[in-house]
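Here is the structure we will look at, set down as structure tokens.
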Protein chains: 2
Amino acid sequence: MKNERIDLREALIREAIGLLGNGPADLSLRSVARAAGVSAMAPYRHFEDKAALLGAVAAQGFAELRDVLEVADARAEGGAALVEQGLAYIAFAQRRPSLFRLMFASVDLACIPKPAGMSAYAVLARRVASVAPDSSEVSTLGCWAMVHGLATLRLDRRIEAGSEADRSVLMLLTAAIVGR
Amino acid sequence: MKNERIDLREALIREAIGLLGNGPADLSLRSVARAAGVSAMAPYRHFEDKAALLGAVAAQGFAELRDVLEVADARAEGGAALVEQGLAYIAFAQRRPSLFRLMFASVDLACIPKPAGMSAYAVLARRVASVAPDSSEVSTLGCWAMVHGLATLRLDRRIEAGSEADRSVLMLLTAAIVGR
DNA sequence: CTCCGAAGTTTACAACGTAAACATACGGGA
DNA sequence: TCCCGTATGTTTACGTTGTAAACTTCGGAG
């Protein structure tokens, strides 16, 4: 029955996320199939190709990121909530480095369902809009870029500073945005 | 004579950069060897493995980036020079997307000669220090992160805005840094 | 019961990174 | 001059990958 189909499909996504834990190099279509206990060609019944599977994995990652941002946002108010979101974003990237990289760099956009990526963005945009109603577009872009930059530079080992430095940087930007 | 060695070594790097023009997917060790007109194993006489070759390519990229930043920095003074550097950084990423990605995400750090990556960073740090002597560390980090975030998000098709938006965002941050 | 479509398997191929063994040619000591 | 070690490259080989094609199997609709 159709349940089986969905079972394997989701099992593949789950196993892929699991394999991402051991570095992105271990993530091949075949290794995912092996982990799920099926033949190398079985995934093609559920995904167009490897990129499609990775896209589904990325979508899962975006959903998780959105949840993380929402929780963080609720921990404070006003500009401070912005800082909390930023720190949470960076922490997420550090906790799941391979997944984070996959979500952005590796998979081309066509493979990621649009709502997935957008819902995480919306959490940020909403908070920025509440804090700086005018210029909220530029401010949102700036926040995202700065946080994303910190996260990726850290993942790529280009910077080593810890969360105190992150907080300082984020507060600097937040101050500029909130005005004054 | 030793000239030949250096010739092939540099030819490989050159061909690799050339192949990067057609998307990073076309860049295999074998394809580079083919482009240079040698056998598939020849590169191993000059590079430990594929990552080492990519590291050399990345180093070349960093040198180019540093030059670009220096030229841009010379186009203005004070905070405006900061904005110029940022725009140049983003423009570089857009002009050579695959090379830029290679420089950061793909190659692990051990394969990149340290001075290569550092000299580009120094150009930014110097200007920030001249503009905001106190807090120059946090400010430099912030500038780099924001610019890098804009560049990578654009590369990954996560944002579509043009250079006017970039300029606005950069000016916002610069204002916060220069103080007041 | 029959038959069909969906789910999975087996087999096959080209391309990849790289290990190992071999060829070749050049420069310096005997 | 001869000779030999070292640097440079080639050939061959192996295991892994993504994926195309042809097959099996099987549960439900007619």
Side-chain angles (χ1 to χ4, degrees), chain A residues 1-58 98-99 101-102 105-112, chain B residues 1-58 98-99 101-102 105-112:
Chain A
M1 100 172 45
K2 191 146 279 189
N3 240 351
E4 311 275 349
R5 156 148 87 195
I6 294 188
D7 272 358
L8 179 52
R9 189 181 201 278
E10 301 206 328
L12 289 170
I13 297 178
R14 208 170 37 240
E15 298 294 344
I17 292 183
L19 289 185
L20 270 182
N22 321 19
D26 290 9
L27 189 73
S28 64
L29 238 201
R30 293 170 104 110
S31 71
V32 174
R34 262 188 315 263
V38 296
S39 77
M41 290 300 291
Y44 285 94
R45 285 291 139 190
H46 304 278
F47 299 97
E48 173 96 5
D49 56 7
K50 186 186 182 183
L53 170 52
L54 296 187
V57 170
S98 308
L99 177 57
R101 255 196 271 264
L102 181 71
S106 321
V107 186
D108 58 345
L109 258 206
C111 301
I112 303 179
Chain B
M1 100 169 49
K2 192 146 280 189
N3 239 351
E4 311 276 350
R5 157 148 87 195
I6 294 188
D7 273 357
L8 179 51
R9 198 190 138 87
E10 301 206 330
L12 289 170
I13 296 177
R14 208 171 37 242
E15 297 295 346
I17 292 183
L19 288 184
L20 270 182
N22 321 21
D26 290 10
L27 188 72
S28 64
L29 238 201
R30 292 170 106 109
S31 71
V32 174
R34 263 191 310 268
V38 296
S39 77
M41 291 299 292
Y44 285 94
R45 287 294 139 188
H46 303 278
F47 300 97
E48 172 97 5
D49 55 7
K50 186 186 183 184
L53 169 54
L54 296 188
V57 170
S98 308
L99 177 57
R101 255 196 271 263
L102 181 69
S106 321
V107 185
D108 58 346
L109 260 207
C111 302
I112 303 179

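Just so you know, these numbers come straight off a predicted model, no measurement behind them. So you know, we letter chains A, B, ... as the sequences are listed, proteins then strands, and number each from 1.
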What pair of heavy atoms forms the shortest contact from [X] to [Y], and how long is it?
| X | Y | value |
| --- | --- | --- |
| B:Ser39 | B:Ala33 | O-CB, 3.4 Å |
| A:Ser98 | A:Leu20 | OG-O, 3.2 Å |
| A:Arg30 | A:Ala40 | CG-CB, 4.1 Å |

Checklist entry - Is the shortest side-chain N/O distance from B:His46 to OP1 or OP2 of D:dA7 below 4.0 Å? => result no

Item to check | Nearest-0.5 Å distance that lies between atom CZ in A:Arg9 and atom CG in A:Leu53 | outcome: 8.5 Å

Checklist entry - Separation of B:Leu12 atom CG from C:dG17 atom P, in whole Å? => result 13 Å

Checklist entry - In the 5'-to-3' direction, what one-character label does each nucleotide of nucleotides 10-20 of chain D receive under the scheme B = base within less than 4.0 Å of a protein heavy atom, S = sugar-phosphate only, - = no such atom? => result BBB----BBBB

Next on the checklist: Within the structure provided, determine whether A:Leu19 and A:Ser31 are in side-chain contact (heavy-atom separation under 4.5 Å).
Outcome noted: yes

